[in-house]
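Working notes, structure below.
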Amino acid sequence: MSDLLEVIELTKFFDMGRNQRVHAVENVSLTIAEKEIVGLVGESGSGKSTLGKTVLGLHDKTSGQVKFRGEVLPQKYQAKDFRRFATNMQMIFQDPYSSLNPRMTIGEIVGEGLKLHQNHDPSIVRDKVAVWLEKVGLHADHMSRYPHEFSGGQRQRIGIARAMILEPEFVVCDEPISALDVSVQAQVINLLGELKESMGLTLLFIAHDLSMVRYVSDRMAVMYLGSLVEVGKADEVYFDPKHPYTEVLIGSNPEPDPELERSRPSTAIQGEIPSPVNVPAGCRFANRCPKVMDVCKNITPQLIPLKDIERQVACHLYT
Ligand code: SF4
């Protein structure tokens with residue numbers, strides 16, 4: 001598989017005034033191959049969504065590059081860039097309640113991208129919307145209804161139709177199931193899997209449910225306080241984590257089987273994630289790491305490949 005997307009030393013800071021800035025994403029490098037699903041995991045506030053939005057140009061880049069099919073994407077998107085790249089890259093948002101405009105009909109919401117970016121005739125837009133509503137498990141006659149008439153799972157299907165109608169090659173799924181009932185999460189995941197197979201999609205799947213990420217992803221990337229700390233094959237990272245943060249993150253992830261969950265020792269992550277405004281020197285995980293060493297407090301570990309195993313880890317235990 002050749003690389004579809006290349007993220008190279010990407011950094012996104014948000015200026016807060018008074019010489020303060022939020023280090024939301026710092027020096028992240030990651031490649032995603034064609035038709036690959038990469039799961040991006042980490043606690044809330046680790047920078048996952050900011051990374052996804054910066055890759056898509058929804059945030060300007062502070063530094064670094066994103067390449068799509070070898071072409072360097074703009075540092076700062078203009079309207080013409082969104083028009084050009086919207087047909088290649090799309091996003092499915094986390095919250096199916098707030099991401100749909102309540103004043104627009106479902107037909108207008110799903111067909112908006114076609115009108116804006118591909119300038120289609122209204123009858124063609126209508127036909128395509130009908131096809132996509134059926135593809136995501138809704139009905140063509142839902143077109144004239146409004147978002148409030150649908151359940152959370154149905155709204156997420158509408159969000160998926162809105163993203164997919166442009167037939168993008170690359171999609172960022174930003175926690176697409178976290179706002180849904182457990183009973184409908186699997187339906188939405190299965191729908192994404194079917195679309196991935198039928199359309200040959202490449203996905204960056206952002207989530208905090210590690211067992212779900214393991215289920216859907218080819219590779220898993222673990223993010224902590226704006227930086228990647230471990231990248232590898234999803235199953236291998238899940239069952240044999242190398243970075244101490246990945247270990248505790250997986251240990252604290254609820255086990256879907258209630259019997260197993262009751263029998264597991266509690267492995268909650270100790271301490272608080274540091275402020276992204278005052279990022280500590282050295283390893284960012286040092287104040288919470290059960291394996292911390294003196295070197296960790298002064299020298300920042302780099303994400304490096306391990307020997308004899310297809311894995312990248314940023315930890316002094318391996319340097
Ligand atoms: Fe822990 Fe040190 Fe590795 Fe950071 S570099 S995760 S503090 S062992």
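Both ligands and their constituent atoms are indexed starting at 1 by order of listing. Worth knowing before you read on, the calculation uses all heavy atoms, side chains too, and leaves out hydrogens, waters and symmetry mates.
Applying the side chain to side chain donor-acceptor pair (under 3.5 Å) test to Arg162 and every residue at least two apart in sequence or in another chain returns nothing. For Phe170, there are no ring-ring contact (aromatic ring centres under 6.0 Å, His included) partners two or more places apart in sequence or in a different chain. The side chain to side chain donor-acceptor pair (under 3.5 Å) search around Asp240 returns Lys242, not counting sequence neighbours.
The closest approach between a heavy atom of Arg284 and any atom of ligand 1 is not below 4.0 Å.
Residues Leu317 and Pro244 share a closest heavy-atom pair of CD1-CG, 3.9 Å.
Counting only distances under 2.8 Å, and ignoring water, the protein N, O or S atoms around atom 2 (Fe) of ligand 1 are Cys296 SG.
Taken to the nearest 0.5 Å, the CD atom of Glu26 stands 11.0 Å off from the CG atom of Leu10.
Between Lys135 and Glu194, none of the side-chain N atoms (NZ, or NE/NH1/NH2) sits under 4.0 Å from a carboxylate O, so this pair counts as no salt bridge.
Considering Leu191, Ile92, Val171, Leu203 as possible partners of Pro176, the one that fulfils the side chain to side chain contact (heavy atoms under 4.5 Å, CB included) test is Ile92.
In summary, the atoms of ligand 1 found under 4.0 Å from a heavy atom of His243, numbered by their order in the structure, are 6 (S).
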